[in-house]
Amino acid sequence: MTAIEIADLRADCAHCEALCCVLLPYRRAGGFAADKHGGVPCVNLLDDDRCGIHDRLRETGWPGCVAFDCFGAGQIVTQQTYAGRSWRDGTADVGEMGAVLTVMRLLNEMLHHLGEVARRMPDVPTSALSERIGSLREIDAEGLLGIDIDALHDEVGQHLGSASARIRKPAGADLSYADLAGHDLRARDLRRADLRGATLLGADLRGLDLTGADLLGADLRGADVRGADLGDALFVTLAQLGSTTGDPSTRLAPWLRRPEQWTSASAG
């Protein structure tokens, strides 16, 4: 990326006040060991903003925490938007702060995807849109909550869709928004497939070549991607990968960090 670097869109928990652990709600059905309302600190949160079970989240029933990615929104909201104000001392309203975090996360996720288009297709004009979204991150809380995020999301989505169509020529299978939950897809040719918004919950993708496949918004929770080639798949995020089963042979784009749980997985 140019003005906004990849590192700016990665979570930096050391410079965040554990906002995701406090401001956001979670439920058992979403991969958490308990239900929690927004604005209530997680039972595992320590006084120093660290997680008391960070090294054993999966084993203790918190895989949803492993899968969550704020795209770097947490440190921006902490250090910039609410600089000097905190949920801990009551100088920041937790409800407002939670809404701001959600907006900031969406802005950063859009920038993440636009940055991928810029890297893959330098001839596609993305800088103006990226700069416009980047500038929105600098406004105050009231201004952030006044953004028409749905309209902006649609605008970015159309841009990404156009870029995807160009990258995937000749286009593969159209499986956009298909329900493929639990399917064994190992015999399918998914190269350059449109899997945007597809439900791949628990799907078997082992060893598949997903070169050029568009995975924007696809639900990969519980999917088995051991040995799969995701190196040139489009619009893959850490939030998607965090809930999958991968291994050291799963190929990823160089700008994506490998989920920690993959390092010890075996390619069965």
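Computed from a prediction, not measured in an experiment: that's the story for all the values here.
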(message) Connecting only ILVMFWY residues whose side-chain heavy atoms lie within less than 4.5 Å of each other, what is the rest of Val43's hydrophobic cluster?
(response) Tyr26, Phe32, Ile53, Leu57, Trp62, Val66

(request) Report yes if the side chains of Phe235 and Gln240 come closer than 4.5 Å at any heavy-atom pair, otherwise no. (result) no

(request) Would you mind telling me which of Leu23, Val100, Val103, Thr102 makes a side-chain contact (heavy atoms from CB on, under 4.5 Å) with Val77? (result) Val100

(message) How long is the straight-line distance from CG of Leu160 back to CG of Asp214, given to the nearest 0.5 Å?
(response) 8.0 Å

(message) According to side-chain contact (heavy atoms from CB on, under 4.5 Å), who are the partners of Asp174, at least two apart in sequence or on a separate chain?
(response) Ser176, Asp194

(message) Taking CZ in Arg27 as the centre, count heavy atoms belonging to other residues, nucleotides or ligands within less than 6.0 Å. Is the count above 12?
(response) no

(message) How long is the straight-line distance from CD1 of Ile133 back to CG of Leu114, given to the nearest 0.5 Å?
(response) 5.0 Å

(message) Nearest 0.5 angstrom please: Leu238 CG to Leu9 CG, how far?
(response) 11.0 Å

(request) Decide yes or no for His183 and Arg188: does some side-chain heavy atom of the first lie under 4.5 Å from some side-chain heavy atom of the second? (result) no

(request) Kindly compute the distance separating CG (Leu106) from CG (Leu144), expressed to the nearest 0.5 Å. (result) 11.5 Å

(message) Is the shortest side-chain heavy-atom distance between Leu205 and Thr244 below 4.5 Å?
(response) no

(request) Treating Ile, Leu, Val, Met, Phe, Trp and Tyr as nodes and any side-chain heavy-atom pair under 4.5 angstrom as an edge, say whether Leu46 and Trp87 lie in one connected cluster. (result) no

(message) Is it the case that atom CZ in Arg50 sees more than 12 heavy atoms from other parts of the structure closer than 6.0 Å?
(response) no

